[in-house]
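All remarks here apply to the structure that follows.
Proteins get letters first, then strands, A, B, ... in listed order; numbering begins at 1 in each.
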Amino acid sequence: MANKLNPRQHIAVHYIDGPCLVLAGAGSGKTSVITRKIAYLIQQCDMPARHIAAVTFTNKAAREMKERVSKLVNGAAARGLTVSTFHNLGLNIIRRELKHLGYKSGFTIFDAEDAGSLLKEIMLKDGDMDTDLVQSVQNQISNWKSGLVEPQQALEHAQSSGEQTWALIYERYNKALRAYNAVDFDDLIRLPSQLFATNAEALGRWQQRIRYLLVDEYQDTNSSQYQLVKQLIGDRGALTVVGDDDQSIYAWRGARPENLSLLKEDFPTLEVIKLEQNYRSTARILKVANELIAHNPHDFDKTLWSDLGMGEPLRLLRCSTEDAESERVATEIITQRLRRQCKFRDFAVLYRGNHQSRLLELKLQHHQIPYNISGGTSFFARAEIKDVMGYLRLLVNPTDDNAFLRIINTPRRHIGTGTLEALAHYATDREVSLLAACDEVGLQTVLPKKGLERLREFSLWLSRVRDNCHNNEPVAAIREMVEDIDYEGWLYQNTSSPTVAEKRMDNVWTLIDSIRNSLEKHEDETASNEERVNQAVSRLMLQDLLDRQEEEDVTDRVQLMTLHASKGLEFPHVYLIGMEEELLPHRNSIEENNIEEERRLTYVGITRAQKTLTMSLAATRKQFGEKVDTLASRFLAELPDEDIEREGFAPVSKEQLEKKGAETFSSIKKLFD
DNA sequence: AATCCTGGAGTTTTT
DNA sequence: CTCCAGGATT
């Protein structure tokens, strides 16, 4: 958007005299404000780009922002600009301050799965606890970490012996991470913030480096992220944050929307600028959205408006069953596409829970409507990627036992559970890593010859790969490694069809290719091969360079996604399905009395629509096998009647509805024939 | 090691 | 109902 800024946007971009909060409603051009402000700082304020940092929550947002900045500022001037996720910024800080943090080069970043298995191990060994609780303990630890609670404090505040046990596990977990030279995702924020609290010199270095900070989606920050922001800013006030309290939908994973209000207290000179002009939706859609969200309490009042015209009324379809609902949406898309002369990609179907997509998929397939589901298994969660990453992680960090266990028998090396258990036992006793234990002399006393031989062979092989990687061309060494283990052959053997195996192998090459990219892009003459590979792998562990992969199917397809996944996106025609009590608002949220967040979720859904919005519900729905009568969502009652056309609210028999569906469909079929 | 059976649960998700 | 994990069975 190189177009003109509106007056409010203009103020937001040019205000640099102090901390600045931009309350940016949905579709009000917040990304423009951030990118234009970066350009303004560089071009008009002569601030070197390397002293500016912009922080977002997702890699995708960061990428998009980088692109938009580079269109505004010429490449040379933008050199050194930091646009990254919170986690990536944290990673960079940790990397630079390794020695002050007591970590060694080549540390590992544990993902949720790794962290979970580590916890499980701890709970089995030290606590003799029910492993069903692993998930809950993991959540609790994440909450503690993002809420800046140290194990010590957790222990002190424990109200029961149960809580005490959890706090102790938390402590052991942190110690174990250090032993593995590993950090988890929360540590990427927590450790820098901890360092800055205790080490004024380090803080000074980074305050020197970052002289202006911009934060996107501020309502999604958690306590430790806010802490980090405050530390970096100090008393200089060189801060712009952009956010929308009405779009806070991640409180359940630690986000603190009240961080927006806290800004006013922590920065008394805070300048608050509201962006209320919406460039996305019709006035009618905004009117409905405004009415809905007005039912939530507000610290900041905000009313979206647009000059895109009133637009069509919204529609609300009440179908007999969830089957009829999906069928209706599918046939609607066919008719509307023809009537409005638009593309499949102009339609999005939004829903509360992933399971709601299943029926929809069936119906869309049946009508041969191309669609795309966002979510599901990400590129990074794929087994083949985790396997190869396991090798890379072990290459970079020999103490990474999780990686060791993942790959020791992938492909098969005929090392049985008995051998591994003995190895693990030995390693725990000596307090060395599994890989290191393989080479210890004492091991032969506890292991059969064959098992020992195989372990030694593996260890020797890996150190050869490591040497090769450090002394020669790293990417070639990694390719050789993958060929050496005949991963391809293993894939073909262990996959149902050759085409699937081929695709998986493609993914592996993509992964290796992105390492090549990463090494080229971050060419650091001073760093050794080892250091460069370490850095590339740790970036990969944040799936930084990889998730663009998923975007390449932005062809002409209907978009299916959860309400959560839809945040930040927009579509000409939106279907919001399942507008029922217990679904939206979700049953659990009703129980937890968390209606406000559900209302915001609905608000996010409504404000995705540019031209038309159609909501739907089913009168009955199968729940865990049995048919249940549903209740219309309470949110529907909060919307203005005069802007919504209702259909299916007079008693309509199932036969009639089906007939209607069939009629629409056959009339369309004629058009095709 | 691979497969079958049983029981329990059943939101949202990024890094 | 449908999916998963984990145990039991082959």
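Judged purely by atom type and a 3.5 angstrom limit, Gln225(A) uses its side chain to pair as donor or acceptor with the backbone of Asn222(A). Side-chain atoms of Thr614(A) never come within 3.5 Å of backbone atoms of Tyr575(A) as a donor-acceptor pair (strictly under, hydrogens ignored). No donor-acceptor distance shorter than 3.5 angstrom exists from the side chain of Arg68(A) to the backbone of Thr35(A), with no hydrogens or angles considered. A donor-acceptor distance shorter than 3.5 angstrom exists from the side chain of Asp187(A) to the backbone of Asp184(A), with no hydrogens or angles considered.
Residue contacts shown for Arg358(A) are limited to sugar-phosphate atoms, with no base heavy atom under 4.0 Å away. Across all strands, Phe57(A) comes closer than 4.0 Å only to sugar-phosphate atoms, never to a base (heavy-atom distances).
Straight-line distance from the CD atom of Glu113(A) to the C1' atom of dT15(B): 15 Å, rounded to whole Å. For the pair Tyr351(A) OH and dT11(B) C1', the interatomic distance rounds to 13 Å; values are reported in whole Å. Per the geometry, CG belonging to Asn354(A) stands 14 Å off P belonging to dC3(C), to the nearest Å. When rounded to the nearest whole Å, the span between CD1 of Ile189(A) and P of dT14(B) equals 16 Å. In this structure, the CZ atom of Arg413(A) is 14 Å from the P atom of dA1(B), given to the nearest Å. As a whole-Å value, the separation of Glu361(A) CD from dT2(C) C1' is 15 Å. Put simply, CG on Leu583(A) is 12 Å from C1' on dT12(B), counting in whole angstrom units. Counting to the nearest Å, the P atom of dT12(B) and the CG atom of Asn139(A) are 14 Å from each other.
Legend: residues meeting side chain to side chain donor-acceptor pair (under 3.5 Å) with Arg393(A), ordered by chain and number and at least two apart, are Asp114(A), Asp400(A).
Each of Glu598(A) and Asn409(A) was matched to the nucleotide of DNA chain B holding its nearest heavy atom; the match closer to the 5' end belongs to Asn409(A). Of the two residues contacting DNA chain B, namely Ala112(A) and His355(A), the nearest-nucleotide position lying further toward the 5' end is that of His355(A).
Stacking of His564(A) onto the six-membered ring of dT12(B) is not present when judged by under 5.5 angstrom between centres and under 30° between planes. Residue ring and base: Trp252(A) counts as stacked with dT12(B) (centre distance below 5.5 Å, interplanar angle below 30°).
Among dT13(B), dT15(B), dT11(B), the nucleotide with an atom closest to any side-chain atom of Thr562(A) is dT13(B). Residue Glu592(A) has its side chain nearest to dT11(B) when only dT13(B), dT11(B), dT15(B) are considered. Closest approach to the His586(A) side chain among dA2(B), dT11(B), dG6(C) is made by dT11(B) (side chain taken as heavy atoms from C-beta onward).
The phosphate of dT12(B) (OP1 or OP2) has no side-chain N or O of Asn588(A) nearer than 4.0 angstrom. Between Lys622(A) and dG10(B) there is no side-chain polar atom (N or O) within less than 4.0 angstrom of OP1 or OP2.
Taking atom C1' in both dT14(B) and dC3(C), one finds a spacing of 24 Å when rounded to whole Å. Taking atom C1' on both dG6(C) and dT11(B), the two are 24 Å apart, rounded to the nearest angstrom.
Syn is the conformation of dT11(B), whose glycosidic angle sits no further than 90° from 0.
Under 3.5 Å, the side chains of Glu322(A) and Gln356(A) contain no donor-acceptor pair of N or O atoms.
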